[in-house]
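To start, the structure under review is shown below, and the notes come after it.
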Amino acid sequence: MSTIDLNHTPVLVVGAGIMGAGIAQVAAQAGHKVMLYDARDGAATQAHEKLAGSLQALVAKGKLSADAVARTLSNIEAVASLEEAAGAGLVVEAIVEKLDAKRGLFRDLEAIVSTGCVLATNTSSISVTAIANGLKHPDRLVGMHFFNPVPLMKLVEVVSGLQTDAAVAQAIFALSERWGKVAVHARSTPGFIVNRIARPYYAETLALLQEQAAKPATLDACLRAIGFRMGPCELMDLIGHDTNFSVTQSVYEANFFDKRYRPSLIQREMVDGGLLGRKSGQGFYRYPGDAPQTATSPLIALALPPVTDWCLHGSGVFADLLYQALTTTISVNADKAQSTSPALRRAPQSEWIGLEVDGAQLRLTDGRCASQLGDNVCVFDLPLQSSGSHAGAAQGALAWTASSRASEAWMQQSALWLQVLGFQPQRVADTPGLVVARTIAMLVNEGSDAVHQGVCNEQAADAAMKLGVNYPAGPFEWLSIWGAAPVCTLLDALDAHYRGERYRVSPYLRQRLWKD
Ligand code: NAD
């Protein structure tokens with residue numbers, strides 16, 4: 001494999017829209033001469049002027065030096081025809097997301113640029129293999145998938161099609177890193193890494209809404225509590241339901257209608273009705289003014305309820321977290337009612353994790369409904385720490401539910417115990433896997449399938465989700481905290497409950513059972 005050096009090469013950026021202008025800026029800041037072309041008359045010049053305005057504003061705020069801005073701007077030249085860019089060593093295409101337009105452009109470019117010129121596409125959903133089809137040198141075409149806004153978002157997915165030369169992919173990887181980005185290799189498959197692994201973040205929430213398990217604000221609060229910057233509903237409102245729905249639909253279709261990726265009726269109804277989110281003034285929430293409710297209330301200092309016998313069941317990181325939270329509360333309230341209570345017992349060999357109080361159970365979800373587990377049983381969601389890196393001090397909204405045969409007294413006490421543990425309990429319907437557990441399990445499962453199918457490796461999946469969509473952790477980081485066995489158990493329980501293809505466990509994840 002020969003090495004291709006793109007370090008000082010002139011770059012042609014085709015398409016001067018949101019992405020093209022950002023890519024031109026980043027390349028020019030890295031010292032490249034950049035030619036910017038757009039099919040619409042005047043668009044490239046307008047993009048250059050707009051960029052000048054926004055960079056000058058950063059100079060005024062003291063964030064950039066006037067010299068650096070002058071250098072960047074002088075590196076960018078708006079060109080009126082592709083022929084003017086014949087000397088480019090790299091083309092980055094950021095035109096309209098249509099296969100025919102992209103294919104046509106690259107075929108035209110092959111007649112203009114030298115045979116050594118690398119051709120990169122910023123497509124977010126079209127197969128790189130398909131774009132290369134018909135080119136004289138399909139091996140020099142590669143995906144260079146930036147994220148919006150390009151100057152701020154660190155991730156670049158370097159996407160190889162069937163015919164992409166490994167040296168070309170490596171050259172784009174090295175160049176992206178030189179431009180200050182974190183590059184990850186991906187194989188050209190529907191959604192690449194980020195848009196594929198992210199599907200369950202929306203899909204699980206839409207499924208919960210469809211079965212009326214909880215309100216959007218509750219679901220958002222539960223996922224924000226574990227470190228997502230936005231809950232799925234507010235995020236879909238921001239992205240726009242039309243855009244979000246069409247990405248889901250294209251991943252679904254491209255996977256030959258695999259039910260795992262099936263779009264949601266709820267979202268289609270919203271698109272059909274013009275409830276597109278922020279841009280139309282209404283989605284799950286109304287805009288402006290009606291900010292999403294956090295559905296949480298301030299924590300109050302709580303004393304432990306009186307008990308005659310209590311035991312903490314199970315072992316591992318989540319059992320330890322509960323134990324720690326309980327013993328902290330015990331020591332803080334040492335002079336109050338619980339001083340008459342017996343000592344908290346531990347039963348690490350138990351098959352379930354949670355608290356047993358005088359025969360009633362408050363259990364961490366294992367994917368089964370509370371009603372399936374017994375009479376006086378309540379179930380709570382996965383208490384991941386908000387940093388996402390490990391389980392830790394309890395905080396924020398946490399979903400819980402109750403068996404249909406649980407006593408009113410135990411339901412009230414369960415909510416109280418969750419508050420004692422430091423959570424803001426959010427009652428949801430008796431649905432399997434509740435909110436966080438099923439969402440994270442499905443993200444882990446999707447990441448596992450991506451690795452299983454050679455789309456990327458584990459490190460790339462983690463980096464892509466953290467840097468491409470600001471997840472608090474990557475799927476394999478969550479897997480290392482939670483463990484393959486409980487994730488498989490939870491998914492199997494969901495599969496048994498819903499009986500469809502959606503929750504089938506990735507073979508890669510199942511195989512991890514024998515490794516961990
Ligand atoms: P945009 O609509 O803002 O800009 C596209 C530009 O391309 C327009 O200025 C248009 O005039 C120009 N154009 C269209 N056809 C052309 C042609 N044949 N030759 C030259 N110029 C042409 O779009 P965008 O959001 O910048 O997206 C561009 C590409 O980047 C798409 O492939 C999109 O899927 C991808 N992408 C977008 C985002 C995003 O968040 N917007 C993120 C990642 C990737």
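Just so you know, ligand 1 is whichever comes first in the structure, and atom 1 is the first atom listed for that ligand.
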Point-to-point distance, once rounded to the nearest 0.5 Å, from OG1 of T431 to CG of L494: 8.0 Å
Gap separating the CG atom of N445 from the NE2 atom of H452, nearest 0.5 angstrom: 11.0 Å
Interatomic spacing from OG in S506 to CE in M442 - rounded to 0.5 Å: 11.0 Å
Atom-level proximity to ligand 1, residues with heavy atom under 4.0 Å: V14, G15, G17, I18, M19, Y37, D38, A39, R40, A94, I95, V96, E97, K102, N122, T123, S124, H145, F146, N148
Parallel, tilted or perpendicular: ring planes of F147 versus H145, cut at 30 and 60 degrees: tilted
Over 12 foreign heavy atoms within 6.0 Å of CZ, R229: no
Whether H185 and F173 hold their rings parallel, tilted or perpendicular, with breakpoints at 30° and 60°: parallel
